[in-house]
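Structure record follows, encoded as structure tokens.
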Amino acid sequence: MDKIQVEKKWNQLWNEQKVYSFDEKDVDNKHYVLEMFSYPSGAKLHIGHWYNYGLTDSYARYQIMKGKNVFQPMGFDAFGLPAENYAIKTGVHPQDSTFHNIAVMEEQLKNIGAMFDWDHEIITCSPEYYRWTQWLFCELYKHGLAYRKKAPVNWCPSCNTVLANEQVIDGHCERCDSQVIKKDLTQWFFKITAYAEELLNDLDKLDWPEKTKAMQRNWIGKSVGGEIVFTLADGSESFKVFTTRADTLFGCTYVVLAPEHELVKRITTAEHLDEVNAYCDEVAKTNEIERLSTAKEKTGVFTGAYAINPINGEKVEIWIGDYVLASYGTGAVMGVPSHDERDYKFAQKHGLGIHRVIKGATPDVDDSLPFCEYGVMVNSGEFDGMTSEQGRVAVVEKLAEKGLGEIKTNYRLRDWLVSRQRYWGAPIPVIHCPYCGEVLDENLPVELPYDVEFKPDGTSPLAKHEKFIHDVTCPKCGAKATRDPDTLDTFVCSSWYFLRYPDAHNAENPWDTAWIDKMLPVDKYVGGAEHACMHLLYARFITKALRDMGYLHFDEPFKSLVHQGVILGPDGNRMSKSHGNVVSPDEYVNNYGADVFRCYLAFGFKYTEGGPWSDDGIKALNKWLDRVERFALSAYGDYPTTSDFGPAEKELNRVRHITIKAVDADYPEFSFNTAVARMMELVNAISKYDGQKVKNAQLYRETMDDLLKMLTPLAPHITEELWHQTGHTTSIVVEKFPVCDESATKASEVELLVQFNSKPKARITVDATLAPAEIQQIVLADAKVTELLNGATPKKVIVIPGRLVNIIL
RNA sequence: GCUGGUAUGGCGGAAUAGGCAGACGCAAGGGACUUAAAAUCCCUCGGUAGAAAUAUCGUAUCGGUUCGACCCCGAUUACCAGCACCA
């Protein structure tokens, strides 16, 4: 068969007849399968697209055959920096290049032969979509979850533009390689931290890869400790430190404030002023990457001021040091050199005191300093003898009595910075009024103007657009006002797209609540692991926020998640232009067809692992599919038939049903490689019996039908062609998956391994239905076994029916 | 450093629940068919010893539990990924 022609033919027919469109009436039986949508780049589909979309489609096709009403939409995450950079370089407008790329990519995606429901397609850069992204922003704002504050951002001094975190590679600009600096700008944030606790707790409910859940837990970084109040020695002011080790408080010999701490300016003594100012200036200049480097020496300077340790009244020096982060906890820490690695180094360098207050709980614990484990409190007054676990609570509680401490939970998670000084994104729907301040513009969409200039001069094209920025009045008071010049992070667009798909053409609302309550959550979500702490976390947050606003009534967007592995270049490195190891699927698809290519991706890798690309096996899959074709045609050809059902027929039938059982278990697990292997075994069995021993054409044909059905999720075009060539008139796509006949899978006799002291010694074939006691009797009576026993009496006999008999002497 | 993961032939990878390690395929070697090639079909294919039957070793390393361990437990090593001065 000419696979390329066949694929064209069926693809077209399926699309015309909408063989597999979602049935909205049968929503109770829905199965929402979603692949992460992609950015419409100018390049063609790469192997990763095929791997994700092709094989997830196989999963979806399997679910259809199992009777599920599958919803599998597709769309484009179409805003983003590459199109804008392309515009700066070539002058081609992002809107033009993006829609062109989308048209090209749609065609390519259709070639895969996936059953995407294009009627529900969404494109995030179209005003019909982004008006609702802007609506989302407004809703978050109204509910206190969007706010503006001054914050440091990544700034490339050479490109004169703000960079996203992902564009900063080891502290350098990914485009021009110059060092990125920090710049303070007023930015919009989403208050994801309000959901930190729920985002953490609900992970337990999810059928997600453990490593992804672990990454999110890590990212959220919950830490339970205490806030402790230190008062200045002169009694004028106080400040708090956060610690998880209040049990070490008696060992505190100094405190350190972040250089940005608001107290620094007021408490520094005249004598130390120059030094402190110089240090703060220096810190402001160093970039964040350098500052956060663990390798860097712990620097700091003394402010000249003193504070009182509230637990014992001791006077301790107040230092500033750049290893203390202003943005975490209280921006101040206590220094306990005896029980903290960093504090120890800091104290040694600056000649600060070291008092041991924790002893190892057992004598054999290493007593060298710093001792950072939990132990038993010593030199701690009334707390002596308490364990660290008890003490870290007891000390805070004691202080709480005097109002000098409280139990406190901190999270590492920060609020989500969503402003971008870019053009190609959804405009932030806010108007700045000189009288009313920031005011939402709810006349949506706030459309991106088309006629903008792309110059890398540091100002976003939007900010320079006179009409967009200034031709606006305040919705509240009507005064002349200005628009917010920034656009939203593209992750905002992708944080809710799965909610829009089921109701993609709703012009009045972002969605119908009753409808998406039925359609969601997504039953199977498939995409790359690199989104663990970005998209997957944002989407969960937005879902929970919308739930609390009443727009939907479920807690989590993605019930079950699978990460496809990464297909690497043949050299084992990630495919990239700079490595020169990019393999294009086109050549293979053009030579062998989409089905062969998909089958090879299925067979050659463990799906969740991926691995280096190698095309050694692709010919083998081509050959194998040809083989399937030959057998299918021979079964339905001029085949001599009888109604015999002898041993050969029984055996073929057995393999057939074992295969059905195995493949039926493999597909839902994304275990495509073993599914193919099992089907190859069935073909081998057919080959073994074909035309020689099996004379029963009905069995042969039924077996062949089952094989084609099992194979159709992976090779839909070829199997559809064979299905029709063998006289069927329905579409195989909507056939039911074969059902395993358990009774047929059992052989009447089994070969058991006989072991002596766990070493294999003999093989005995017995009736498969025998009970262990009967097996033991037969085995011990066997001639070979009696010979090997040589008169000895076994101490013990272990019988595993269907497997082995182990005789212990 | 922390967290998670991985480690099985020449290669990609199997192994339900602790029960015959290496399924399935690739590569390699041999053979049939053919003038020849392609295609197809058959056989061999973890190491060592042996003509063979067979013996023996073997799932990163070391140890343990068990009649029996790729699988469970303890320690170690290497690699991959994410986070990384989070007090």
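From a predicted model like this one, the values you see are computed outputs, not experimental measurements. In what follows, chains carry the letters A, B, and so on, assigned in the order in which the sequence lines appear, proteins first and then strands, with residues in each chain numbered from 1.
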Query raised in the report: How would you label the contact of A:Ser223 with the nucleic acid (heavy atoms, under 4.0 Å): base, sugar-phosphate, or nothing?
Result: sugar-phosphate

Query raised in the report: Counting any heavy atom closer than 4.0 Å, what does A:Trp624 reach on the DNA or RNA strands: base, sugar-phosphate only, or nothing?
Result: nothing

Query raised in the report: In this structure, are over 12 heavy atoms from other groups packed under 6.0 Å from A:Lys211 atom NZ?
Result: no

Report task. For B:G64, measure the glycosidic angle (O4'-C1'-N9-C4 for a purine, O4'-C1'-N1-C2 for a pyrimidine) and name it syn if it falls within 90° of 0, otherwise anti. Result -> anti

Query raised in the report: Heavy atoms under 4.0 Å, any strand shown: does A:Gly565 hit a base, just sugar-phosphate, or nothing?
Result: nothing

Query raised in the report: Of the nucleotides B:A14, B:C67, B:C85, which one has an atom closest to the side chain of A:Lys796?
Result: B:C67

Query raised in the report: Does any donor-acceptor pair link the side chain of A:Arg763 with the base of B:C20 at a separation under 3.5 Å?
Result: yes

Requested in this report: State whether the distance check finds a donor on one side and an acceptor on the other, under 3.5 Å, for side chain A:Arg678 versus base B:A23.
Outcome: yes

**Report entry** Contact under 4.0 Å: A:Ser758 side-chain N or O vs B:G19 OP1/OP2
**Finding:** no

Report task. Report yes if at least one side-chain N or O of A:Asn673 is closer than 4.0 Å to OP1 or OP2 of B:A14; otherwise report no. Result -> yes

Query raised in the report: Does any donor-acceptor pair link the side chain of A:Asn806 with the base of B:C67 at a separation under 3.5 Å?
Result: yes

**Report entry** Any A:Asn684 side-chain nitrogen or oxygen under 4.0 Å from OP1 or OP2 of B:G25
**Finding:** yes

Query - B:U76: pairing nucleotide in any strand, Watson-Crick or G-U under 3.5 angstrom - result: B:A60

Query raised in the report: Do A:Lys619 and B:C26 have a side chain to base donor-acceptor pair shorter than 3.5 Å?
Result: no

Query raised in the report: Which is true for A:Gly221 with a 4.0 Å heavy-atom rule: it touches a base, it touches only sugar-phosphate, or it touches nothing?
Result: nothing

Query raised in the report: When we call it a touch if two heavy atoms are under 4.0 Å apart, what does A:Arg217 touch: a base, just sugar-phosphate, or nothing?
Result: nothing

**Report entry** Sugar-phosphate only, base, or nothing, as touched by A:Arg414 at under 4.0 Å among non-hydrogen atoms
**Finding:** base

